[in-house]
Amino acid sequence: MKYSNLKRIVPLTLLASAATLVVAAPAPVTDLNATSNSTSSAPASSASIERLERLIKSRNQIQLQLQQQLDGLSEELSEMRGMVERNSYELDQMLERQRQLYIEIDTLRTAKPVPVTTPEEATDSSSGAYAADTNENEAYQNAVDLILKKKDYAGATKAFQDFVAAYPDSVYSSNAHYWLGQLYFAQKNDIEAAKSFAKVVSYADSNKRADALLKLGELAKRNNNKATAQKYYQKVISEYPDSTTAKTANNQLKSL
């Protein structure tokens with residue numbers, strides 16, 4: 001065979017071999033198991049997602065509940081703080097009223113009652129330190145003892161009320177009304193306190209008149225009546241210029 005014929009035969013042989021290989025190559029096989037696994041994994045993934053969503057939702061609910069509880073506790077704490085502050089303020093006010101009452105008690109304990117002079121008694125005013133009626137003296141002293149000795153302020157209030165009703169013209173009237181005013185003042189019964197102090201002021205010779213005017217000013221100040229308070233303070237200063245009460249009134253005026 002010639003070389004030229006051989007050159008033509010070799011490519012044809014190679015081409016035929018390639019065709020044979022293509023025909024003989026196995027057809028692609030579909031993996032049924034892989035398809036089945038892919039299909040079955042879809043519900044599993046969906047269940048995981050749902051479970052995760054439930055967990056997230058549950059966590060959010062718990063967080064919301066905790067936040068609500070924290071908010072509630074915060075409100076309760078604020079209310080308790082407010083109650084403590086109010087109680088502290090009220091206690092301070094009560095202690096201050098008690099302090100003032102004790103000061104007045106000490107003052108009145110050392111002061112002798114000044115008799116009220118009526119036209120009938122004008123000729124015998126020097127003997128008016130004590131009442132002629134022993135029952136009157138005893139009733140007044142018992143009322144005072146309820147304050148000084150027994151610290152029974154409710155009982156003392158009742159005793160002085162009974163005293164001024166039973167002995168309206170007593171030599172102890174101004175002091176009795178002043179005691180009542182102090183007791184009412186400490187109890188924050190401002191209306192009755194003002195009435196009692198005004199009654200004391202009506203006794204021109206009372207040794208508690210200046211203090212009663214001062215107390216009327218303090219009552220007006222406590223009730224935010226600045227003009228009335230100023231009037232009473234100035235009256236104390238003008239009528240009792242050299243007294244300790246006038247100095248107190250002057251300080252109160254500066255604080256208005």
Side-chain angles (χ1 to χ4, degrees), residues 85-111 113-114 116 140 143-144 146-148 151-165 167-170 172-256:
E85 291 176 354
R86 286 194 299 273
N87 289 338
S88 177
Y89 174 77
E90 291 176 357
L91 178 61
D92 290 341
Q93 292 295 308
M94 182 185 70
L95 292 175
E96 176 61 21
R97 292 194 299 271
Q98 290 292 341
R99 186 185 70 82
Q100 291 180 355
L101 180 59
Y102 287 141
I103 291 174
E104 295 299 334
I105 287 173
D106 289 337
T107 302
L108 288 172
R109 182 169 50 189
T110 58
V114 177
V116 179
Y140 179 79
V144 172
L146 287 172
I147 297 177
L148 301 181
K151 305 296 189 273
D152 182 4
Y153 302 130
T157 301
K158 180 65 168 57
F160 278 114
Q161 287 172 340
D162 293 342
F163 179 84
V164 297
Y167 306 100
D169 300 320
S170 172
Y172 306 114
S173 288
S174 64
N175 276 14
H177 283 293
Y178 189 79
W179 277 116
L180 270 177
Q182 284 292 83
L183 291 165
Y184 288 136
F185 186 88
Q187 297 164 13
K188 298 192 74 173
N189 188 346
D190 291 355
I191 295 176
E192 293 302 322
K195 290 179 181 178
S196 295
F197 289 131
K199 189 69 175 177
V200 177
V201 172
S202 69
Y203 296 103
D205 296 330
S206 173
N207 65 342
K208 300 307 297 177
R209 187 172 182 275
D211 292 322
L213 287 170
L214 180 67
K215 285 296 182 182
L216 287 170
E218 292 179 3
L219 283 169
K221 180 181 178 181
R222 188 157 79 181
N223 288 276
N224 300 316
N225 194 337
K226 182 178 178 180
T228 302
Q230 186 176 20
K231 180 189 71 174
Y232 283 120
Y233 292 147
Q234 289 176 339
K235 193 173 183 65
V236 173
I237 295 170
S238 63
E239 295 186 13
Y240 305 92
D242 299 325
S243 66
T244 302
T245 308
K247 294 179 181 178
T248 303
N250 189 52
N251 292 333
Q252 292 289 358
L253 267 177
K254 294 178 180 178
S255 68
L256 289 177

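Scope of the values below: all heavy atoms of this structure, side chains included, with no hydrogens, waters or symmetry mates.
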How close do S174 and Y203 get, heavy atom to heavy atom, and via which atoms?
CB-CD1, 3.6 Å

Does the side chain to side chain contact (heavy atoms under 4.5 Å, CB included) test come out yes or no for Y140 and S170, once each step is laid out?
CA-CA 10 Å; Y140 179 79; S170 172; over 6 Å; no

Once rounded to the nearest 0.5 Å, what's the spacing between atom NZ of K231 and atom CG of N225?
8.5 Å

Under 3.5 Å, is there a donor-acceptor pair between the side chain of K188 and the main chain of F185?
no

Which pair of heavy atoms, one from P241 and one from S238, lies closest together, and at what distance?
CD-O, 3.8 Å

Can a side-chain donor-acceptor contact be found between Q187 and T157 if the only test is distance below 3.5 angstrom?
yes

Going by the rule side-chain contact (heavy atoms from CB on, under 4.5 Å), which residues pair with V201 if we only count those two or more places apart in sequence or in a different chain?
R209, A212, L213, L216

For residues L219 and T228, determine if any side-chain heavy atom of one lies less than 4.5 Å from a side-chain heavy atom of the other.
no

Less than 6.0 angstrom separating the ring centers of Y172 and Y167, yes or no?
no

Kindly give the heavy-atom pair with the smallest separation between V236 and L214, and that separation in Å.
CG2-N, 3.7 Å

Are any non-hydrogen side-chain atoms of Y184 and K195 less than 4.5 angstrom apart?
no

Qualifying residues under side-chain contact (heavy atoms from CB on, under 4.5 Å), relative to S243, sequence neighbours excluded:
Y240, T245, A246

Can you name the nearest heavy-atom pair linking A220 to A229, along with the distance?
CB-N, 3.5 Å

Taking all heavy atoms of A176 and all of V164, pick out the closest pair and write down the distance.
CB-CG1, 3.8 Å

Working to the nearest 0.5 Å, report the span between CG of L253 and OH of Y232.
14.0 Å

Once the angle between the rings of F160 and W179 is folded into 0 to 90°, is it parallel (under 30°), tilted (30 to 60°) or perpendicular (over 60°)?
parallel

Could you tell me the separation between the CG atom of N189 and the CG atom of L180, rounded to the nearest 0.5 Å?
10.5 Å

Would you tell me whether K215 and S196 have side-chain atoms, one donor and one acceptor, within less than 3.5 Å of each other?
no

Do K158 and Y153 pass the side chain to side chain contact (heavy atoms under 4.5 Å, CB included) test, and can you show the C-alpha distance, the side-chain angles, and the key distance before you say yes or no?
CA-CA 9 Å; K158 180 65 168 57; Y153 302 130; over 6 Å; no

I want to check something: taking the side chain as every heavy atom from C-beta on, are D211 and V200 in contact at a cut-off of under 4.5 Å?
no

Could you check if a side-chain atom of Q252 sits within less than 4.5 angstrom of a side-chain atom of K221, using non-hydrogen atoms only?
yes

According to salt bridge (Lys or Arg N to Asp or Glu O under 4.0 Å), who are the partners of D152, at least two apart in sequence or on a separate chain?
none

If you define the side chain from C-beta out and look only at heavy atoms, does anything of K208 sit under 4.5 Å from F197?
no

